[in-house]
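Taking it in order: structure first as structure tokens, then the write-up.
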Amino acid sequence: PDEQFTISVLSGGKPKVPGKFTVISVMLGPDFSTDVVEVETSDHAALRLKLSYNWYFKIDKDNQESIEKIFNVKDFIGEICNILASKVRSAVASVDFDSFHKSSARIIRKAIFGIDEAGKINKEFLNDKNNLCVTNVDIQNVEPVDAETRKNLQKTVTIAIEITTSRQEAKARHNANKLEQEAKGELEKLKIEDDSKAE
């Protein structure tokens with residue numbers, strides 16, 4: 001009878017919309033949240049990213065203050081998605097479309113987790129307000145907002161695949177010709193040796 005309940009009103013949907021769920025119990029995780037983020041590169045290519053974040057509450061069960069910290073942020077889902085979306089938007093805005101297309105995973109992971117002194121990407125991101133710890137980000141989908149750009153991108157990907165296939169075919173042909181020449185040379189050498197023995 002002496003217990004006091006904290007009601008949490010959480011964001012939901014993709015993209016996240018505030019006030020979707022009202023909950024009385026908060027799961028400590030591990031769990032994940034998926035969000036859709038619209039970003040723009042430095043050369044003004046508008047992209048829609050579907051990102052999924054793995055998270056859990058990093059608490060010390062023997063420390064009451066650490067446990068109560070969980071409830072410092074009422075909508076912890078909305079807050080963490082906003083923080084991470086802001087980091088991703090900022091990082092994508094500093095690179096052009098071509099650079100982002102080539103190394104999107106590294107750019108997004110670096111933006112969210114930051115880098116250590118050695119230049120390696122950190123393993124987690126901790127929100128100090130409520131000890132919510134993000135351990136991984138999964139880039140589920142990247143697509144241009146503009147239909148024309150999407151069509152051009154598909155064309156570019158197709159051309160890139162064709163170029164790679166042609167390069168591999170040419171390499172295989174070159175290796176086959178080389179082996180054939182070597183075999184002919186070996187045969188010629190044996191023939192000369194046999195002729196000289198016969199002579």
Side-chain angles (χ1 to χ4, degrees), residues 8 10-18 26-63 65-146 149-150 152-153 156-157 160-161 163-164:
S8 299
L10 305 178
S11 296
K14 299 169 200 147
K16 289 286 174 275
V17 177
V26 172
M27 301 300 163
L28 298 180
D31 205 341
F32 70 94
S33 297
T34 306
D35 196 14
V36 173
V37 183
E38 287 201 4
V39 296
E40 194 173 303
T41 59
S42 62
D43 51 354
H44 307 294
L47 303 168
R48 192 178 287 115
L49 313 178
K50 189 178 180 186
L51 307 172
S52 183
Y53 314 111
N54 292 71
W55 57 263
Y56 74 101
F57 281 103
K58 198 174 198 174
I59 58 162
D60 177 4
K61 289 185 180 175
D62 299 323
N63 183 337
E65 197 180 316
S66 170
I67 294 167
E68 286 172 4
K69 210 173 178 185
I70 293 169
F71 300 101
N72 283 355
V73 179
K74 289 277 186 275
D75 182 8
F76 65 90
I77 297 289
E79 166 141 315
I80 200 69
C81 285
N82 283 341
I83 290 169
L84 300 182
S86 174
K87 284 172 172 277
V88 170
R89 276 191 205 100
S90 174
V92 175
S94 65
V95 295
D96 59 29
F97 176 73
D98 198 42
S99 304
F100 180 73
H101 185 59
K102 283 176 186 167
S103 51
S104 57
R106 179 169 172 77
I107 290 166
I108 290 170
R109 290 182 68 82
K110 189 176 166 186
I112 288 171
F113 299 116
I115 51 172
D116 60 18
E117 297 82 30
K120 287 186 176 177
I121 295 171
N122 293 319
K123 290 194 168 132
E124 58 185 36
F125 166 73
L126 182 70
N127 185 4
D128 293 327
K129 282 190 203 169
N130 62 345
N131 285 349
L132 184 69
C133 184
V134 177
T135 55
N136 189 34
V137 57
D138 178 27
I139 299 126
Q140 295 183 338
N141 192 21
V142 178
E143 64 172 19
V145 174
D146 179 43
T149 311
R150 197 179 305 133
N152 289 340
L153 181 62
T156 307
V157 170
I161 291 168
I163 290 168
T164 307

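Here the structure is a predicted model, which means the values were calculated and not measured.
Nearest heavy atoms, Ser99 versus Ile107: O-CD1, 3.9 Å. The shortest non-hydrogen separation linking Phe113 to Phe125 is CD2-N, 3.6 Å. Across every non-hydrogen atom of Cys81 and Tyr53, the tightest pair is SG-CE1, 4.2 Å. Residues Trp55 and Ser33 approach most closely at NE1-OG, 3.0 Å, considering heavy atoms. In terms of heavy atoms, Gln140 sits closest to Ser52 at NE2-CB, 3.6 Å.
Scored by the salt bridge (charged side-chain N to carboxylate O under 4.0 Å, His left out) test, Glu38 finds Arg48 as partners (sequence neighbours excluded). For Asp116, the side chain to side chain contact (heavy atoms under 4.5 Å, CB included) partners two or more places apart in sequence, or in a different chain, are Ala118, Lys120, Asn122. With sequence neighbours excluded, no residue satisfies salt bridge (charged side-chain N to carboxylate O under 4.0 Å, His left out) with Lys61. Evaluation of the ring pair (Phe, Tyr, Trp, His ring centres under 6.0 Å) rule for Tyr56 yields no partner, not counting sequence neighbours. By the ring pair (Phe, Tyr, Trp, His ring centres under 6.0 Å) test, Phe100 is found to be paired with no residue, residues two or more places apart in sequence or in another chain being considered.
For the atom pair CD of Glu143 and NZ of Lys50, the computed distance is 10.0 Å after rounding to the nearest 0.5 Å. Distance check, rounded to the nearest 0.5 Å: CG of Asn141 to CG of Leu51 gives 10.0 Å. Interatomic distance, Ser11 OG to Asp35 CG, rounded to the nearest 0.5 Å: 9.0 Å.
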Step-by-step side chain to side chain contact (heavy atoms under 4.5 Å, CB included) determination, Phe97 to Leu47: CA-CA 9 Å; Phe97 176 73; Leu47 303 168; 3.6 Å; yes
Lys87 vs Leu84, side chain to side chain contact (heavy atoms under 4.5 Å, CB included): CA-CA, chis, key distance, verdict: CA-CA 5 Å; Lys87 284 172 172 277; Leu84 300 182; 4.3 Å; yes
CA sep, side-chain torsions, deciding dist, call: Leu49, Val142, side chain to side chain contact (heavy atoms under 4.5 Å, CB included): CA-CA 5 Å; Leu49 313 178; Val142 178; 3.6 Å; yes
Enumerate, atom names and distances included, each donor-acceptor pair closer than 3.5 Å involving a side-chain atom of residues 130-139, sequence neighbours excluded.
{"from": "Asn130", "atom 1": "OD1", "to": "Asn127", "atom 2": "ND2", "distance (Å)": "3.4"}
{"from": "Asn130", "atom 1": "OD1", "to": "Leu132", "atom 2": "N", "distance (Å)": "3.4"}
{"from": "Asn131", "atom 1": "ND2", "to": "Lys58", "atom 2": "O", "distance (Å)": "3.4"}
{"from": "Thr135", "atom 1": "OG1", "to": "Asn54", "atom 2": "O", "distance (Å)": "3.4"}
{"from": "Asn136", "atom 1": "OD1", "to": "Arg109", "atom 2": "NH1", "distance (Å)": "2.9"}

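At a threshold of 4.5 Å between non-hydrogen side-chain atoms, the residues Thr41 and Asp96 do not count as touching. Side-chain contact between Ser8 and Val26: present, with at least one pair of heavy atoms (C-beta onward) separated by less than 4.5 Å.
The backbone N or O of Asp128 sits less than 3.5 Å from a side-chain atom of Lys69, completing a donor-acceptor pair.
Partner of Ile112 under the side-chain contact (heavy atoms from CB on, under 4.5 Å) criterion, chosen from Val88, Ile83, Ile121: Val88.
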